[in-house]
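The structure under discussion appears below in the form of C-alpha cells.
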Number of protein chains: 2
Amino acid sequence: MDFATAKRINQLLTTVYGDIVRVEELALRKSQFKDISIKEVHAVDAISMYEHKTTSEVARELRITPGTLTTMVNHLVRKDYVQRIRSDDDRRFVRLGLTRRGRLIYRAHESFHRKMVESFAKDMDDEQLHIIEKALLNLEAFLEFASPTPNK
Amino acid sequence: MDFATAKRINQLLTTVYGDIVRVEELALRKSQFKDISIKEVHAVDAISMYEHKTTSEVARELRITPGTLTTMVNHLVRKDYVQRIRSDDDRRFVRLGLTRRGRLIYRAHESFHRKMVESFAKDMDDEQLHIIEKALLNLEAFLEFASPTPNK
DNA sequence: CTCAAATAGTTTTAACCTCAAAATAATAGC
DNA sequence: GCTATTATTTTGAGGTTAAAACTATTTGAG
C-alpha cells in the first residue's frame, strides 16, 4: 500500500467514529429526546428490547464498570427510559428493561444506524461487502493481537 | 444488502474505534509515557511536528473548544510534551510546538497507526483498497448530509 | 491619535463520565 | 447457623468538556 493511501485511510478511520457520535448527539438535541446523552442511548441500546440482561452483563458489553452503569441506570430510570426488575429466583441480580419511552429511542437509534450502514455500503455488491468486512476483521485481529482481551 | 451483513458491519464499525482507543491507552500504560492520556496524545498528534499552529487551529482540528485545549496544553506543558510560542508579529496568538519528549511520543503514535492500517489492509490490492476508501467516504458523505458541518 | 470593537486565548464554573474501593444485600457451602 | 462468595450500589476522586466571563492585544473609524 502506498504511503498516501495509508494516510487517507488512517485519517478516515480515526475521524469517522467521532463524526458518528457528533451527528447522533446533534440529532438528539433536535429531537423529542433532549434529556438523554449519546452514552445513555448506547446504554439503552445495550440493554435492548426483550432480553432483560443483568447489570453486570450490560456493563461488560459496554466495557464500563458495574458501578458506572448503576449511576447511569439511576438517571435513565429517573428519566423514564429504563426499568429495574429484581430477579425472583436470585434476588442479588437486577435485570434491566426498557420502558415505552426507552423502546422508542431504541428504535430511533437502530434506524439511524441502519440508514448509516446502508449508505456506507451503497452501490456495493456482495463481493465488495465481503472485502470490507474482511478489512474490519483484519483490524479487530490486529487489535486483539496488540492487546489480548481477557476472555472470561 | 442482507440484514445479517448489515448487522455485522454495523457492529464492527461501532466497536472498532473503542477498541483502537483501548489498545492505545493500554500501550501507553506499559510504555515509558505513563503520564499521558490518549486524548492528550491526540492533541500532540494534532499539534504535530513542525507547523506551529495556533491554539484555535488545533482546537478546531480536534473539534474541541479553545478553552478545553488551553487546559489540556497546560497539562502537556507541565509534563514537558508541548511548548507555547508567543507570536511576535501578533502577540494575541499562541503557537504550539512539541518538545523533544513530545516528538518522541508523536512518532510512537504515528508508528502504531501505520502498523494498524497496514494490518487493516493486509493482502489487499489497489482495487480492494479503493473499495474500502469509497465505503468510508460514503459514510462521511452520509454524516455530512445528516448534519452539515459549518464550514467557515 | 484615540477609543470602541474585534480577536485570541485563558479562567471559572458546572456538568457529565469514569473507576476503584468500600459498603450492602443475598445466596451457597460447609 | 456461620463464612465465603457473588451482584449491586455507594462513595470519593479525577478527567474531559462546554459556556460564559474575563484579559491582552490589535484593528479601524472618526
Side-chain angles (χ1 to χ4, degrees), chain A residues 17-18 21-22 24-26 28-29 33-47 52-79 81-97 150 152, chain B residues 17-18 21-22 24-26 28-29 34-44 46-47 52-79 81-97 150 152:
Chain A
Y17 182 81
V21 165
R22 204 168 36 80
E24 287 187 320
E25 190 72 55
L26 236 135
L28 285 173
R29 291 306 138 257
F33 306 107
K34 293 192 210 311
D35 61 345
I36 190 170
S37 73
I38 186 62
K39 302 253 183 187
E40 288 173 331
V41 172
H42 288 154
V44 165
D45 187 64
I47 288 168
H52 295 315
K53 304 173 201 170
T54 69
T55 299
S56 297
E57 284 168 351
V58 174
R60 204 176 310 128
E61 206 174 311
L62 291 170
R63 291 176 189 283
I64 59 181
T65 59
T68 300
L69 185 58
T70 290
T71 57
M72 223 165 185
V73 167
N74 287 343
H75 294 149
L76 288 169
V77 168
R78 200 175 313 138
K79 293 188 277 195
Y81 289 102
V82 169
Q83 52 189 161
R84 285 193 166 93
I85 307 157
R86 271 281 164 191
S87 253
D88 270 338
D89 48 323
D90 186 337
R91 292 178 39 68
R92 284 172 303 182
F93 289 89
V94 170
R95 302 194 167 274
L96 299 173
K152 32 142 306 133
Chain B
Y17 182 81
V21 165
R22 204 168 36 80
E24 287 188 320
E25 191 72 53
L26 234 135
L28 285 173
R29 290 307 137 255
K34 294 192 209 310
D35 62 344
I36 190 170
S37 74
I38 186 61
K39 303 252 181 184
E40 289 174 330
V41 172
H42 287 154
V44 165
I47 289 168
H52 295 316
K53 305 172 200 170
T54 68
T55 299
S56 297
E57 283 168 351
V58 173
R60 204 175 310 128
E61 207 174 310
L62 291 169
R63 293 176 188 283
I64 59 181
T65 59
T68 300
L69 184 57
T70 289
T71 56
M72 221 165 186
V73 168
N74 287 343
H75 294 150
L76 288 170
V77 168
R78 201 174 313 137
K79 294 188 277 195
Y81 289 102
V82 168
Q83 54 189 162
R84 285 192 166 93
I85 308 157
R86 271 281 165 191
S87 254
D88 269 338
D89 48 325
D90 185 336
R91 292 179 36 70
R92 284 172 303 182
F93 289 88
V94 169
R95 301 195 166 273
L96 299 173
K152 38 163 304 74

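The sequence lines fix the lettering, A, B, ..., with proteins before strands; numbering per chain opens at 1.
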Notebook entry, point to check: In whole Å, what is the span from the CG atom of A:Asp89 to the P atom of C:dA26?
Noted result: 14 Å
Notebook entry, point to check: Is a donor-acceptor pair below 3.5 Å formed from side chain B:Thr55 to base C:dA8, judging by atom type as modelled?
Noted result: no
Notebook entry, point to check: Rounding to a whole Å, what distance do you find between A:Leu26:CG and D:dA18:P?
Noted result: 13 Å
Next item on the list: Verify the contact: side-chain N or O of A:Ser56 to OP1 or OP2 of D:dT8, cut-off strictly under 4.0 Å; return yes or no.
Entry: yes
Next item on the list: Measure from the side-chain heavy atoms of A:Asp90 and tell me the nearest of D:dT25, C:dT11, C:dT27.
Entry: C:dT27
Notebook entry, point to check: B:Arg91 side chain: which of C:dC17, D:dT25, D:dT9 is closest?
Noted result: D:dT25
Notebook entry, point to check: For B:Asn74 and D:dT17, what is the distance between atoms CG and P respectively, to the nearest whole Å?
Noted result: 15 Å
Notebook entry, point to check: With A:Ser87, which of A:Arg95, A:Arg92, A:His52 fulfils side chain to side chain donor-acceptor pair (under 3.5 Å)?
Noted result: A:Arg95
Note to self: Just verifying a value: how many Å separate B:Leu76 CG and B:Ile47 CD1, rounded to the nearest 0.5 Å?
What the structure shows: 6.0 Å
Check: Can you tell me how far P of C:dA26 sits from CG of A:Asp88, to the nearest Å?
Finding: 13 Å
Notebook entry, point to check: Do B:Asn74 and B:Arg84 have side-chain heavy atoms sitting under 4.5 Å apart?
Noted result: yes
Notebook entry, point to check: What is the distance from CG of B:Leu69 to C1' of D:dT16, rounded to the nearest Å?
Noted result: 12 Å
Notebook entry, point to check: Phosphate oxygens OP1/OP2 of C:dT18: is one of them under 4.0 Å from a side-chain N or O of A:Thr65?
Noted result: no
Margin query: I want to verify a distance call: between D:dA7, C:dT18, D:dT17, whose nearest atom is closest to the A:Phe93 side chain?
Written below: D:dA7
Checklist line | Dot-bracket encoding of pairs in DNA chain C, which uses [ ] for pseudoknotted crossings and | for another strand, Watson-Crick or G-U under 3.5 angstrom | finding: ||||||||||||||||||||||||||||||
Notebook entry, point to check: Between A:Leu96 and A:Leu69, is any pair of side-chain heavy atoms under 4.5 Å apart?
Noted result: yes
Next item on the list: Could you work out which one of C:dT18, D:dT9, C:dA26 sits closest to the side chain of A:Thr68?
Entry: C:dT18
Next item on the list: Please check the phosphate of D:dT10 (OP1 and OP2 only) for any side-chain N or O of A:Thr70 closer than 4.0 Å.
Entry: no
Note to self: Output the rounded distance in Å from CD1 (A:Ile38) to C1' (C:dA15).
What the structure shows: 18 Å
Notebook entry, point to check: So, the side chain of A:Lys53 versus the backbone of A:Ala46: is there a donor-acceptor pair under 3.5 Å, distance only?
Noted result: yes
Next item on the list: Just say parallel, tilted or perpendicular for the rings of A:Tyr17 and B:Tyr17, cut-offs at 30° and 60°.
Entry: parallel
Next item on the list: Can you figure out which of D:dT8, C:dG9, D:dT10 approaches the side chain of B:Arg86 most closely?
Entry: C:dG9
Next item on the list: Going by the side-chain contact (heavy atoms from CB on, under 4.5 Å) test, name the single residue among A:Val44, A:Ile36, A:Ile38 that passes it with A:Glu40.
Entry: A:Ile36
Next item on the list: With the side chain counted from C-beta on, respond yes when A:Thr55 and A:Val73 share a heavy-atom pair under 4.5 Å apart, and no when they do not.
Entry: no
Notebook entry, point to check: Closer to the 5' end of DNA chain C via nearest nucleotide, is it A:Ser37 or B:Thr54?
Noted result: B:Thr54
Margin query: Taking the minimum atom-to-atom distance to the side chain of B:Arg92, which one of C:dA8, C:dC17, D:dT8 wins?
Written below: C:dA8
Check: Taking CZ from B:Arg60 and C1' from C:dA8, how many angstroms apart are they, rounded to a whole number?
Finding: 11 Å
Notebook entry, point to check: Quick one: on DNA chain D, does A:Arg84 or B:His75 contact a more 5' nucleotide (nearest heavy atom)?
Noted result: A:Arg84
Item checked: Length of the line joining A:Ile64:CD1 and C:dC16:P, which is rounded to integer Å -> 16 Å
